[in-house]
Protein chains: 2
Amino acid sequence: MTDRPQLALAEQLCLPLYAAARGITRRYAEVLSAEGMTYPQYATMLALWDAPGPLTVGEIGERLHLDSGTLTPVLKRLENAGYVARQRDAADERRVLVRTTPEGEALRGRVADVPERVWADTGLQVSDARELRALLDRLLSGLDAIS
Amino acid sequence: MTDRPQLALAEQLCLPLYAAARGITRRYAEVLSAEGMTYPQYATMLALWDAPGPLTVGEIGERLHLDSGTLTPVLKRLENAGYVARQRDAADERRVLVRTTPEGEALRGRVADVPERVWADTGLQVSDARELRALLDRLLSGLDAIS
DNA sequence: CACAACTATATTGTGCACAATCTATTTGCG
DNA sequence: CGCAAATAGATTGTGCACAATATAGTTGTG
C-alpha cells in the first residue's frame, strides 16, 4: 500500500472548514441577536444592500449559493420584520422582486460595525484573512466547476 | 472618515467561508448518500474511528464542536442504522459511552475513498489545502479563545 | 396559434445547529 | 452525613439547508 499524504490531509480539511464556518456564524448570530436577526437573514440583507436595485430570489440565491427552498422562508421573515418588500415582476410573473424598505436601509447603519467586531475578536491578522479569502475563492471556483 | 480596508475584507470573508463549507458538505453528502449517510453522521463516525476506544457524547462534541442537542439525534440515527452502540457509563451514570459496532467498522472501509474523491473533484492543490488547513486552525484557535 | 419544454418560485419532508431548559448524577464542603 | 453547586446528557422550539416535487408562467417550434 502506497503512502498518500494528500489523503490524510484531505481527511483533516473538511472538519476544520465545517467547524470554522459554524463558529463564525455563531459569533455573528450572537452579535446580531441584538437586532433579532439570524446570520442567513443578515447575509440576505448584505446581498440586497450590495446591489444597485431590487434582486430576484434567484439572483440572491446565486450570490449566497442558496436555493428557493431556503430563501423563501428567510425572505418571509425579513418581510414580516419590515426590512424587505416582495412583489411579482410585472414583466415576468414567474419572478419575485425583492427590495429593501426604508427600515431595511436604516438597519444597514445599525449593523455596519458587526463584521469588524466579530473578526477583531478572532484575532486573525489582516494578511491571514486575505490569504484565507483567496483560498476559499479558489475552492468555490472548483466546486462551481463540478456541476 | 478614514479608509479601513480590513473592514471591507472582513465583510467579504464570512460569505465565502459560509458558502465553501456548505459546498463541501453538499459534495460529501452526494457521495455518502450511497451509504444512506449524512455528513454530520459521517463526521461523528470519523471521530469514533479516530479514537482508540469508546467516546462519551461530550468527547465527540469537543472534537466536532457540537453540543448534545445536535449529537443526541445524530447518535440515535447511527444506532438505528447499526453503526454505533450507546451505553451508560457504569462508573459515572451521567455519561453515555458511544462505541462503533462491527458494522460500523465495516463501514469504515466502504467510505475510505470518499475524501479523496471529493477533494480531487474540487481541483484544489495539495499545497493550497495545507495552507487552508493552517489558516482554519488559526481561526478556530481564535474562536476558542473568545469564550 | 397550439403545446411541449423550459424557467422561477413555492411547498414538503428530513436532518441538522443551537439556545434554553430539564433531569439525573456526582462532587465538593461545612 | 447532608445538601448546594456542578456536570452530562436529553428535550424542546426555532430557523436554516437541501432534495424532491408542485405550480404558475414563458418561450420556442412546427
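In the text below, chain A, chain B and the rest are named by the order of the sequence lines, each starting its count at 1.
In this structure, B/Arg88 atom CZ and C/dT23 atom P are separated by 15 Å, rounded to whole Å. The distance between atom CG of A/Asp89 and atom P of C/dT9, rounded to the nearest whole Å, is 9 Å.
Sorted by first then second residue, the side chain to side chain donor-acceptor pair (under 3.5 Å) pairs that include residues 71-80 of chain B, not counting sequence neighbours, are B/Glu79-B/Arg86. Sorted by first then second residue, the ring-ring contact (aromatic ring centres under 6.0 Å, His included) pairs that include residues 42-97 of chain A, not counting sequence neighbours, are A/Tyr28-A/Tyr42. Evaluation of the salt bridge (Lys or Arg N to Asp or Glu O under 4.0 Å) test over residues 33-55 of chain B, restricted to residues two or more places apart or in two chains, returns B/Glu35-B/Arg110.
A salt bridge links A/Asp137 to A/Arg133: one of the charged nitrogens lies within less than 4.0 Å of a carboxylate oxygen.
Residues of residues 31-46 of chain B that place a heavy atom closer than 4.0 Å to DNA chain D do not occur. Taken residue by residue, residues 60-79 of chain B places heavy atoms nearer than 4.0 Å to DNA chain D at B/Ser68, B/Gly69, B/Thr72, B/Lys76.
In the hydrophobic cluster analysis, where Ile, Leu, Val, Met, Phe, Trp and Tyr join through side-chain heavy atoms closer than 4.5 angstrom, B/Val84 is grouped apart from B/Leu97.
A/Leu15 and B/Ala43 get closest at one heavy-atom pair: CD2-CB, 3.7 Å. Heavy-atom minimum distance, A/Glu30 versus A/Arg27: OE1-NH1, 2.5 Å. When all heavy atoms of B/Leu13 and A/Ala129 are compared, the pair lying nearest together is CD2-CB, 3.7 Å.
Boundaries of the chain B contact region on DNA chain D are D/dT7 to D/dA19, first to last in 5' to 3' order (nucleotide atom under 4.0 Å from a heavy atom).
Along DNA chain C, the nucleotide nearest A/Arg22 and the nucleotide nearest A/Val57 are compared for position; the residue whose nucleotide lies closer to the 5' end is A/Val57.
Residue B/Thr25 is out of contact with every strand shown, counting any heavy-atom pair closer than 4.0 Å. Residue contacts shown for A/Asp92 are limited to sugar-phosphate atoms, with no base heavy atom under 4.0 Å away.
Taking the side chain as every heavy atom from C-beta outward, B/Leu66 and A/Arg22 approach each other to under 4.5 Å.
A distance-only check finds a donor-acceptor pair linking the side chain of A/Glu59 to the backbone of A/Thr56 [under 3.5 Å].
Checking B/Arg94, B/Arg95, B/Arg99 one by one against B/Asp89, the salt bridge (Lys or Arg N to Asp or Glu O under 4.0 Å) holds for a single residue, B/Arg95.
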